[in-house]
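Step one of this worksheet: look at the structure below.
Below, read A as the first sequence line, B as the second, and so on, with proteins coming before strands; counting in each chain starts at 1.
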Amino acid sequence: MPRESKRARLERMHAEYALLVEEIPEPKCALNFSTPLQLLIATVLSAQTTDKRVNTVTPELFDRYPTAADLANARPADLEAIIRPLGFYRSKSQHLLGLAAALEERFNGEVPRTMDELVTLPGVGRKTANVVLGNAFHVPGFPVDTHVMRVTGRLRWRDDWNSAHPDPVRIEREICACFDPSEWTDLSHRLIVHGRAVCHARKPDCAHCPLQATCPFVAVA
DNA sequence: ATCCCGAGGG
DNA sequence: CCCTCTGGAT
């Protein structure tokens, strides 16, 4: 693959982001929430499921356990019954109970607003923390999941694209260095949506990809 | 069959 | 660096 200057690469990245904004419609389905605590819970539950399915269980969940204290005191069996259809219900239930207890014990029942604090909570990793920071507190963050790793790799938006073990934190740093903080949350979201809808792991639909003109992966797909 | 907008643990 | 956890949609 031909050499590309740093400058050219940066310009391509921004142009491709613009195309994603232009041609990828905002997904009609997103997590329903009205408080940071609700977003945190919904995001923890969303692992290996879809937002739509999470939205089918959260109304009952939020209604029955309005505060972190309520959730911390929930009976595990009751909690599991509510979130069962999402899968991984046992680990998710334990995460929620531990998370609620930690919020009560260490954060006065409030959701903390820093990465360092958020990732100490059970069930909360960097990806989840960045989603909460960006969408509940409007703190710039760049959530990196498997879609982001794959798509940025194919676009060569990260430098270690040919590595068998890409480092999510390194990707986060590299992408953040190339975009304005105000764009991070939206960019990540669009890469995730695009990765799921078009840039599949197994069966990439390059023919219908808005980035096919500039994406180096088209040639090898 | 295969995949899903992860995180914790060995 | 693996592995596991799980049900539902397609």
Side-chain angles (χ1 to χ4, degrees), chain A residues 17 20-21 24-33 38-58 60-61 76-103 111-112 115-136 141-155 157-158 160 163-172 175 183-205:
Chain A
Y17 175 39
L20 285 178
V21 172
I24 306 280
E26 272 300 315
K28 30 65 185 154
C29 202
L31 255 23
N32 291 337
F33 68 96
Q38 290 183 351
L39 175 60
L40 178 56
I41 292 170
T43 307
V44 168
L45 290 178
S46 72
Q48 292 300 301
T49 330
T50 64
D51 290 353
K52 188 199 283 186
R53 251 172 285 155
V54 172
N55 288 337
T56 64
V57 310
T58 44
E60 183 182 358
L61 195 61
D78 294 340
L79 199 52
E80 289 180 10
I82 297 175
I83 66 177
R84 176 160 298 129
L86 303 180
F88 297 149
Y89 62 88
R90 218 156 346 199
S91 54
K92 284 175 181 174
S93 164
Q94 286 176 12
H95 286 156
L96 288 190
L97 289 169
L99 182 152
L103 290 180
V111 180
M115 170 64 68
D116 287 347
E117 292 172 314
L118 281 167
V119 293
T120 68
L121 300 170
V124 180
R126 257 192 110 73
K127 191 266 180 180
T128 300
N130 269 324
V131 168
V132 171
L133 286 173
N135 294 288
F142 190 79
V144 176
D145 70 346
T146 56
H147 293 303
V148 172
M149 290 198 282
R150 182 180 65 256
V151 175
T152 55
R154 287 176 174 173
L155 290 171
W157 280 20
R158 60 179 169 86
D160 63 342
S163 165
H165 303 292
D167 178 0
V169 177
R170 181 178 170 185
I171 296 172
E172 188 182 326
I175 304 298
E183 299 176 308
W184 290 347
T185 302
D186 180 69
L187 171 60
S188 163
H189 190 224
R190 287 181 191 280
L191 289 175
I192 292 170
V193 171
H194 181 247
R196 207 185 54 171
V198 179
C199 197
H200 300 278
R202 301 296 179 103
K203 203 169 59 93
D205 190 9

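- Rounding to whole angstrom units, CZ of residue Arg150(A) and P of dG6(B) are separated by 11 Å.
- Atom-to-atom, CG of Leu45(A) to P of dC5(C) comes out at 19 Å; the value is rounded to the nearest Å.
- Spacing of P atoms, dA7(B) relative to dA9(C), comes out at 24 Å, to the nearest Å.
- Residues forming a side chain to side chain donor-acceptor pair (under 3.5 Å) with Gln38(A) (at least two apart in sequence, or on another chain): Ser34(A).
- Atom P of nucleotide dG6(B) and atom CG of Leu96(A) are separated by 15 Å, given to the nearest angstrom.
- Set against dA9(C), dC3(B), dC1(C), the side chain of Arg202(A) has dC3(B) as its closest nucleotide.
- Between Gln48(A) and the phosphate of dG6(B), there is a side-chain N or O to OP1/OP2 separation shorter than 4.0 Å.
- Using a 4.5 Å heavy-atom cutoff, the side chains of Leu61(A) and Leu79(A) are in contact.
- Val21(A) places none of its side-chain heavy atoms less than 4.5 Å from the side chain of Glu183(A).
- Atom P of nucleotide dC4(B) and atom CG of Asp51(A) are separated by 14 Å, given to the nearest angstrom.
- Distance Asp145(A) CG to dC4(B) P: 10 Å, rounded to the nearest Å.
- You'll find the side chain of Val148(A) stays beyond 4.5 Å of the side chain of Pro143(A), heavy atoms only.
- Side-chain atoms of Pro168(A) and Lys127(A), non-hydrogen and from C-beta on, never get closer than 4.5 Å to each other.
- Following rounding to the nearest Å, Asn55(A) (CG) and dG8(C) (P) show an atom-to-atom distance of 17 Å.
- Partners of His147(A) under the side chain to side chain donor-acceptor pair (under 3.5 Å) rule, at least two apart in sequence or in another chain, are Arg150(A).
- Of the candidates Val144(A), Asp167(A), Ile171(A), Arg158(A) forms a side chain to side chain contact (heavy atoms under 4.5 Å, CB included) with just one, namely Ile171(A).
- dT2(B) and dT6(C) have their P atoms separated by 22 Å, given to the nearest Å.
- One interatomic measurement links the two molecules: NE2 of His200(A) to P of dC3(B), which rounds to 11 Å at whole-angstrom precision.
- Closest to the side chain of Arg84(A), from the set dC4(B), dG7(C), dC2(C), is dG7(C).
- For the pair Lys92(A) NZ and dG8(C) P, the computed distance is 12 Å after rounding to whole Å.
- Set against dT6(C), dC2(C), dG8(C), the side chain of Tyr89(A) has dT6(C) as its closest nucleotide.
- Side-chain proximity of His165(A) to dC5(C), dA9(C), dC2(C): nearest is dC2(C).
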Hey, what are the protein-to-nucleotides 7-9 of chain B N/O distances that come in under 3.5 Å?
from	atom 1	to	atom 2	distance (Å)
dA7(B)	OP1	Gly125(A)	N	3.2
dA7(B)	OP1	Thr128(A)	N	3.0
dA7(B)	OP1	Thr128(A)	OG1	2.2
dG8(B)	OP1	Gly123(A)	N	2.8

